[in-house]
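We use all heavy atoms of the structure for the numbers below, so side chains are in, but hydrogens, waters and symmetry mates are not. Not measured: the values here are computed from a predicted model.
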Amino acid sequence: MPDPRHTRIDIGSFHLDAVPDSARWRAEGRGGDAPVEGGWSDWVAFAQRILQADELWRGLEARGDAWDEGFAAGRDAAAVNPYR
């Protein structure tokens with residue numbers, strides 16, 4: 001039975017493959033870009049950075065949506081602004 005820790009991981013437009021006889025993993029895109037290698041901890045740190053950037057972006061989107069709703073409510077005399 002093959003070791004499941006060395007199973008290829010497909011993630012959207014790229015995949016991670018274990019490098020044979022090494023503790024490193026190789027990421028290869030589907031667009032013909034040069035592959036990138038790193039240890040498993042490097043990929044975990046990379047994923048954490050992506051999650052942090054996503055959280056920041058979602059926070060900015062939420063503030064922008066709140067501003068848009070408040071601005072729209074402020075321009076309509078009949079509307080109630082929930083942010084006041």
Side-chain angles (χ1 to χ4, degrees):
M1 178 175 179
D3 186 353
R5 294 174 294 178
H6 295 280
T7 304
R8 176 179 162 151
I9 301 170
D10 285 309
I11 308 164
S13 62
F14 71 96
H15 61 266
L16 288 172
D17 267 326
V19 177
D21 301 324
S22 174
R24 300 179 66 78
W25 287 73
R26 180 180 300 122
E28 295 184 49
R30 298 177 204 263
D33 296 332
V36 178
E37 287 188 15
W40 189 249
S41 60
D42 298 327
W43 296 116
V44 171
F46 178 62
Q48 182 63 34
R49 295 289 299 205
I50 290 172
L51 291 174
Q52 290 171 344
D54 184 60
E55 181 181 351
L56 176 65
W57 180 253
R58 287 177 190 266
L60 291 172
E61 282 288 313
R63 283 187 288 228
D65 291 345
W67 187 91
D68 290 342
E69 289 175 18
F71 180 77
R75 296 193 49 109
D76 184 1
V80 176
N81 187 342
Y83 302 101
R84 288 189 186 170

key: Which residues share a side-chain hydrogen bond (donor to acceptor under 3.5 Å, both in side chains) with Asp54, sequence neighbours left out   = Arg58

My understanding is that only residues two or more places apart in sequence, or in another chain, count here; which of them pass side chain to side chain contact (heavy atoms under 4.5 Å, CB included) with [X]?
{"X": "Asp10", "answer": "Arg8, His15, Arg30"}
{"X": "Glu55", "answer": "none"}
{"X": "Arg24", "answer": "Val19, Ser22, Glu37"}

key: Other ILVMFWY residues reachable from Trp43 by side-chain steps of under 4.5 Å   =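 Result for Trp43 is Ile9, Ile11, Phe14, Leu16, Trp25, Val36, Trp40, Val44, Phe46, Ile50.
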
